Amino acid sequence: MRALPVLLLSAVLGAGAVGAVVKLSPASPPWASHDDWTHRHAGPDSGRVAILLDALGKTDPVVCELLGDQIGNFWSGGERGGVGRFAGTSASLQVTKDSIGGRITDARAIERLVAELSSPNACVRRVASKMLGNSAIAPARLNALLSDASPLVREAAAHAAGDGEVHDVLATLEKGLDDRIPAVAAMNAWAIGEIEDHASVPVLLKGMHGPDPKVRLASIWSLGQIEDARAVADVIGSLRDADPNIRAMSADVLGKFEQPSAIAPLERALGDADARVRVAAAGSLGSLSAASSAAALGRALDDPEIEVQRAAAEALGDLDELHEAPQGLTRALASKDAELRHRAAQALAEIADPATTAALVGLLSDADRDLRKNAVEALGHIGTDAAVKGLTRALSDKDPEVRKAAVEALGETKDHG
C-alpha cells in the first residue's frame, strides 16, 4: 500500500486504530519467512504479557504507539548470533524480546489480552488486539468478542481478526459492517480487506455506498486489497464523491485492478481540485501502464503542486511502449526540485526518445552523480550517433560509477548495432 492511502485510512479509523493499517516491513533474515519466524518462537507467557501491557499503559502515548508498531516484526540481530547488538545485551533478553513476536498459546496470556480489549487506553487496546491476532484464541471466542456489547471490544476484536487474517470469523466481520458505531464498522471493513476473500466483495460494495465516510473509505481500501474486477465500476463512481479522502483512495486503488476502463476516469482525475487525488491518479495510471496516458501525464508535469509533478514523471517512466517523451519531461530536468529531476531522468531512460538526446547530454555536466548516471543509461538505450558521442564523453567522468555505467551503455549500443 502507498503512503497516501495509509495516512487517509489511519485518519478516518481514528486514534484507537492508528496502527491497524500500518504493517512495517520486518527486517527479516533472508533464510526465513515471517510465518516461519513466528512459529519458531514461542510466544510470551501471561507474566510477560502483563509486564508489557502494564508498562505500555504507563508510558508516553507516542512511545506506546511506536512500540506497538514494532510488535510482531523481526528484531534486529536476533537471527544473526548477536551481530549488530551492543556487547552488554544478554542472550536471555533477546530470547524474551523474540517471544513478544511469537505465537501466544498460554491460556492465561490470552485471557489477559482479551481483558485489555476494553482498556480505556487506545494504544494498549491496539497492542493487545494485535497480539491476540497472533494467538491460539479459538475462532468461536473471537466471534463472540466481535459481537460483544462494548464497542471498544468489538473494534479491537475486529483489529485482531484482521491482523491475524482469521478466515473463520469472516461472516461475523461482514455482519459487523452494519454496526451502529462507525469506528467499529470501519474496522470490520478493514479486517475483511486483510483477509482478502473474494466472497466479501458484495458486502464491501454495500459498505462503500453507506452514509459514514469512515466505513466507505475502509470498504474502498479493502476492495483494492482483494482486487476483484466486480468493484471497478463502483470505485470509478467514487472518483466523483464530495469527500476528497474518498476520491483519493478511489484513485489509488483503481491502479490495482488492471482494468482499462479505469484509464479515462483516472486521466480526468488529474484535474481534481485536491492534490492528493491528482497524485494518486498519476500513480495508478503508471500502474496501468497505457501509453495513451502520456498526454494527460505530460500535462500534469505543469501541475502547481510538486508532488503531482513527481508522480506524473514517475508514471511516464512506467508506461509500456512509450517512445516519444512529453516535452515537460525535458523541462523537468532543469527543475529546482532534485526529486523531480531524478524521476524525469529515470523516465527518459525508460522512454529512450532520440529527440531528448541533447537534453540528456546536457545532464552529463550536472553536479549530481546519480543524474549523470541516469543520463548515461538513457543515452545507452537511445543508441544513436549523437548518444554515443555523449557516452564517449562520459568515459572521462570524475566518478568511477558514471564511467562504469558509460562503458556498459556503450556495450549496449554495440549489441543493438
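Nothing here was measured: the structure is a model prediction, and the numbers come from that model.
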Using a cut-off of 6.0 Å, state whether more than 12 heavy atoms not belonging to E339 lie near its atom CD. yes
Whether over 12 other heavy atoms sit under 6.0 Å from E324 CD: no
Who passes side-chain contact (heavy atoms from CB on, under 4.5 Å) against D272, sequence neighbours left out? R247, D274, V277, R278
List the residues meeting salt bridge (charged side-chain N to carboxylate O under 4.0 Å, His left out) with [X], not counting sequence neighbours, and say none if there are none.
X    : answer
D302 : R331
R141 : E111
E267 : none

Rounded to the nearest 0.5 Å, what separation is found between the [atom1] atom of [X] and the [atom2] atom of [Y]?
X    : Y    : atom1 : atom2 : value
E174 : L146 : CD    : CG    : 12.0 Å
I181 : R154 : CD1   : CZ    : 6.0 Å
L410 : L391 : CG    : CG    : 4.5 Å
L333 : H342 : CG    : NE2   : 11.0 Å
L113 : L117 : CG    : CG    : 7.5 Å
R310 : R343 : CZ    : CZ    : 6.5 Å

Give the C-alpha distance, both sets of side-chain angles, the deciding distance and a yes or no for salt bridge (charged side-chain N to carboxylate O under 4.0 Å, His left out) between R126 and D69. CA-CA 10 Å; R126 179 172 74 89; D69 286 341; 3.3 Å; yes
Member of R372, R403, K404, K373 meeting the salt bridge (Lys or Arg N to Asp or Glu O under 4.0 Å) criterion with D397: R372
Taking only residues at least two apart or on different chains, which pairs with a member in residues 346-355 satisfy side-chain hydrogen bond (donor to acceptor under 3.5 Å, both in side chains)? none
Begin from the C-alpha positions of T172 and S147 and carry the test side chain to side chain contact (heavy atoms under 4.5 Å, CB included) through to its verdict. CA-CA 8 Å; T172 310; S147 303; 3.9 Å; yes
Among pairs that include at least one residue of residues 47-64, which meet salt bridge (charged side-chain N to carboxylate O under 4.0 Å, His left out), considering only residues two or more places apart or in two chains? D54-R112
Backbone N or O of A251 within a donor-acceptor pair of the S284 side chain at under 3.5 Å? yes
